[in-house]
There are 2 protein chains.
Amino acid sequence: MNAATAFAPTVPMPAPASFFEAIGDIGIAQMREHVPVLRHKLEGGESLYRAGQPFRALFLVNVGCLKTCELADDGREQVTGFHMRGDLVGVESIGLAAYACDVVALESSEAWELPYPPMLAACRRVPELQARLTSALAGEIRRDRLWMLALGTLSAEQRVAAFLLDLAERHARLGFSPRHFILRMGRLDMASFLALKHETVSRTLSRLVELGLVSVQRREVNLVDVAGLRRLAGGEPVH
Amino acid sequence: MNAATAFAPTVPMPAPASFFEAIGDIGIAQMREHVPVLRHKLEGGESLYRAGQPFRALFLVNVGCLKTCELADDGREQVTGFHMRGDLVGVESIGLAAYACDVVALESSEAWELPYPPMLAACRRVPELQARLTSALAGEIRRDRLWMLALGTLSAEQRVAAFLLDLAERHARLGFSPRHFILRMGRLDMASFLALKHETVSRTLSRLVELGLVSVQRREVNLVDVAGLRRLAGGEPVH
DNA sequence: CGGCTACTTGAGTATTCTCAAATTGTGTGG
DNA sequence: CCACACAATTTGAGAATACTCAAGTAGCCG
């Protein structure tokens with residue numbers, strides 16, 4: 001569980017073009033022509049990067065699931081995001097000398113390293129790429145703001161419902177079942193992200209089960225009543 | 001209070017180069033050579049833009065103070081930021097056809113419109129500009145994440161303290177007194193931003209006064225014991 | 001000077017947290 | 001393969017923080 005960071009051991013390995021076409025906020029073939037891509041394999045618990053390490057690359061998640069942890073120097077920390085296939089990671093650290101947060105794998109995962117200087121050069125040559133990067137950054141801001149809104153205005157029950165619906169939608173977009181999935185994160189990480197305590201998350205999930213909205217066994221989730229969840233997450237209590 | 005939006009009436013008016021040099025995440029002279037800059041004057045309550053309006057420009061705040069309001073379609077809303085001289089506004093909407101949120105002036109303010117297509121073109125020609133824009137976006141992500149951390153891990157008292165310290169630091173950077181300043185926003189907006197109720201903010205400010213950390217009269221704030229505030233807020237000021 | 005809004009303060013309530021214990025699942029060494 | 005230790009999760013009871021509802025005060029604009 002104590003992770004060697006991902007930088008040291010990696011082999012350059014050009015991935016099939018189809019991958020580049022298929023996935024990602026940035027995933028277009030042109031990148032491959034300009035940027036050497038390294039594949040990083042991580043076990044659960046290993047970090048892709050840590051706050052303070054020199055910033056050198058962005059990463060594109062290809063397999064698995066990772067979390068971002070925001071850290072304060074007084075020891076406070078919070079999970080501010082979960083990342084799956086196609087997500088671009090590291091954008092928050094652009095413009096800095098060192099990464100601003102930790103990114104840690106929740107399970108066996110694979111991320112592609114996109115060294116930043118070559119990427120910048122590529123963006124300069126290919127305006128399309130530049131636009132995609134900028135859009136990815138703006139999209140990240142919007143995602144963060146939507147969660148700020150959610151955490152600031154929703155009850156514990158509503159937050160958990162919203163979280164499950166968000167996972168469902170992301171799974172759907174990746175071609176997986178939006179109704180039945182496995183949580184990649186523990187209650188603790190989920191709680192941290194939702195600004196709750198893990199006991200509260202646990203209780204809340206139990207309550208959603210009581211209400212007949214979901215069924216939960218450990219990390220396995222079934223969304224039984226998606227419409228009901230939506231109603232709950234959207235403001236009105238379910239009676 | 002019901003605001004005509006800022007788009008209709010504006011006169012092109014080249015601002016002194018010194019302004020461009022002096023202010024802003026993006027404030028460099030090269031911008032002026034490529035991008036026509038329009039000045040928007042707003043009264044308190046008027047909006048710079050509203051969610052749903054076609055996205056056409058970013059804005060650089062020159063005078064005054066504005067707030068960003070995130071909106072949900074079920075009516076929930078939250079203030080997600082306050083913007084002062086030098087802040088770049090609108091970046092969250094890059095890549096969209098329409099703005100994603102409301103930006104409203106809290107007092108008489110002035111913002112410079114940077115039409116986006118010309119700005120993109122300028123960025124293409126001047127890599128320095130591009131880098132600045134990208135850095136500004138990344139910086140926005142970091143600011144949002146730091147506040148997510150604060151809202152997720154701090155008590156009401158700590159949040160208010162952190163908020164005051166943040167204002168103090170921003171004022172200092174603009175050359176104003178970090179110890180004595182006027183709040184540009186009402187308790188309601190402050191509460192919304194901090195994910196609290198306005199009564200709680202009010203009580204909390206009273207408590208900080210009791211503790212001898214600040215003195216508050218309506219919107220006038222004096223930071224009496226900055227070190228004490230820092231200790232309370234958890235050690236470090238939020239940027 | 002009214003009438004309004006913004007702000008403050010009080011009292012009781014509710015949601016979420018804290019502390020604690022029980023339960024279940026997981027991995028490891030015998 | 002089982003027994004055990006350990007980590008993750010669930011559940012309970014009481015406490016605390018922040019909320020709701022309500023009333024009162026203070027500035028502000030016409």
Side-chain angles (χ1 to χ4, degrees), chain A residues 1-2 43-45 67 76 78-79 104 106-108 150-164 182-211 214-221 232 235 237-238, chain B residues 1-2 43-45 65 67 76 78-79 104 106-108 150-164 182-211 214-221 232-234:
Chain A
M1 205 52 177
N2 69 2
E43 293 305 310
K67 65 175 174 181
R76 285 176 297 122
Q78 179 166 45
V79 176
V104 181
L106 297 172
E107 58 180 339
S108 297
L151 301 184
T153 60
L154 298 181
S155 69
E157 215 164 82
Q158 294 177 308
R159 287 182 218 177
V160 172
F163 182 73
L164 295 179
I182 305 295
L183 296 172
R184 260 54 198 215
M185 70 296 293
R187 297 288 186 268
L188 224 84
D189 282 334
M190 205 170 143
S192 173
F193 178 72
L194 295 174
L196 298 170
K197 298 298 167 184
H198 66 100
E199 297 98 325
T200 303
V201 169
S202 192
R203 269 186 257 277
T204 301
L205 283 170
S206 300
R207 175 118 185 79
L208 294 182
V209 171
E210 275 178 35
L211 291 173
V214 303
S215 75
V216 179
Q217 271 162 308
R218 216 70 176 174
R219 297 202 181 179
E220 187 179 351
V221 175
L232 177 61
V238 176
Chain B
M1 230 359 205
N2 66 1
E43 293 305 310
C65 187
K67 65 175 174 181
R76 284 176 297 122
Q78 179 166 46
V79 175
V104 180
L106 296 172
E107 57 179 341
S108 296
L151 301 185
T153 59
L154 298 180
S155 68
E157 217 163 80
Q158 293 177 307
R159 286 182 218 180
V160 172
F163 182 72
L164 295 178
I182 305 294
L183 296 172
R184 261 51 197 215
M185 69 296 296
R187 299 287 187 268
L188 222 84
D189 282 334
M190 204 170 142
S192 172
F193 178 73
L194 295 174
L196 298 170
K197 298 298 167 185
H198 66 100
E199 297 99 323
T200 303
V201 169
S202 193
R203 270 185 254 275
T204 302
L205 283 170
S206 300
R207 176 117 185 81
L208 294 183
V209 172
E210 275 177 36
L211 292 172
V214 304
S215 76
V216 179
Q217 270 161 306
R218 212 75 175 171
R219 296 201 182 179
E220 187 179 350
V221 175
L232 177 60

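Values below: all heavy atoms of this structure, side chains included; hydrogens, waters and symmetry mates excluded. Just so we're on the same page: letters track the sequence lines, and every chain starts at 1.
Residues satisfying the salt bridge (Lys or Arg N to Asp or Glu O under 4.0 Å) test with A/E220, not counting sequence neighbours, are none. Partners of A/R187 according to the salt bridge (Lys or Arg N to Asp or Glu O under 4.0 Å) rule, which considers only residues two or more places apart in sequence or in another chain, do not exist here. In terms of the side chain to side chain contact (heavy atoms under 4.5 Å, CB included) criterion, A/R218 has no residue partners (sequence neighbours excluded). In this view, A/S155 and A/E157, A/Q158 satisfy the side chain to side chain contact (heavy atoms under 4.5 Å, CB included) rule, not counting sequence neighbours. With sequence neighbours excluded, the residues forming a side-chain hydrogen bond (donor to acceptor under 3.5 Å, both in side chains) with B/E210 are B/R207, listed by chain and number. Shown here are the side chain to side chain contact (heavy atoms under 4.5 Å, CB included) partners of A/V214, two or more places apart in sequence or in another chain: A/L164, A/L208, A/V209, A/V216, A/L223, A/L229. Residues passing the side-chain hydrogen bond (donor to acceptor under 3.5 Å, both in side chains) test with A/R184, sequence neighbours excluded: A/E107.
Going from atom CG of B/L106 over to atom C1' of C/dA6 covers 14 Å, rounded to whole Å. Across the protein-nucleic acid pair, A/E210 atom CD and D/dT10 atom P stand 13 Å apart, rounded to whole Å. Spacing between atom CD of A/Q158 and atom C1' of C/dT15 amounts to 12 Å, rounded to whole angstrom units. The CD atom of A/E157 sits 16 Å away from the P atom of C/dA14 (whole-angstrom rounding). Between B/L154 atom CG and D/dA18 atom C1' there is a gap of 15 Å when expressed in whole angstrom units. If you measure from atom CZ of A/R159 to atom P of C/dT15, you get 13 Å, rounded to the nearest angstrom. Between the P atom of D/dA7 and the NE2 atom of A/H198 lies a distance of 14 Å, rounded to the nearest Å. Between A/L151 atom CG and C/dT16 atom C1' there is a gap of 15 Å when expressed in whole angstrom units.
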Extract all donor-acceptor atom pairs below 3.5 Å that involve side chains of residues 191-202 of chain B and protein atoms in other chains or at least two apart in sequence.
{"unit_1": "B/S192", "atom_1": "OG", "unit_2": "B/V79", "atom_2": "N", "d": "2.8"}

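Residue-level contact check: B/R219 touches the backbone only, with heavy atoms under 4.0 Å from sugar-phosphate atoms and none from bases. Residue contacts shown for B/L205 are absent, as no nucleic acid heavy atom lies under 4.0 Å away.
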Below 3.5 Å between N/O atoms, which protein atoms pair up with nucleotides 25-30 of chain D? Just atom names and distances, please.
none

Report each atom pair, protein N/O against N/O of nucleotides 20-22 of chain D, whose distance is under 3.5 angstrom.
{"unit_1": "D/dT20", "atom_1": "O4", "unit_2": "B/R203", "atom_2": "NH2", "d": "2.9"}
{"unit_1": "D/dC21", "atom_1": "N4", "unit_2": "B/E199", "atom_2": "OE2", "d": "3.2"}

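In this structure the side chain of A/L151 never reaches within 4.5 angstrom of the side chain of B/L151, judged on heavy atoms.
Relative to the axis of its first five pairs, the axis of the last five pairs of the helix from C/dC1-D/dG30 to C/dG30-D/dC1 sits at 40°, rounded to 10 degrees.
Here B/L106 contributes atom CG and B/K67 contributes atom NZ; the two are 6.0 Å apart, rounded to the nearest 0.5 Å. Taking CD of A/Q78 as the start and OG1 of B/T153 as the end, the distance is 6.5 Å to the nearest 0.5 Å.
In this structure, B/R219 contributes its side chain and B/I182 its backbone to no donor-acceptor pair below 3.5 Å. Using modelled atom types, one side-chain atom of B/R159 and one backbone atom of B/L154 make a donor-acceptor pair closer than 3.5 Å.
In this structure, the nucleotide among D/dC19, C/dT16, D/dT9 sitting nearest to the side chain of B/L196 is D/dC19.
Within a heavy-atom distance below 4.0 Å of DNA chain D, no residue of residues 185-194 of chain B is found.
Taking only side-chain nitrogens and oxygens, A/S206 comes nearer than 4.0 Å to OP1 or OP2 of D/dT11.
Side-chain contact, B/S108 with B/E43: a donor N or O sits under 3.5 Å from an acceptor N or O.
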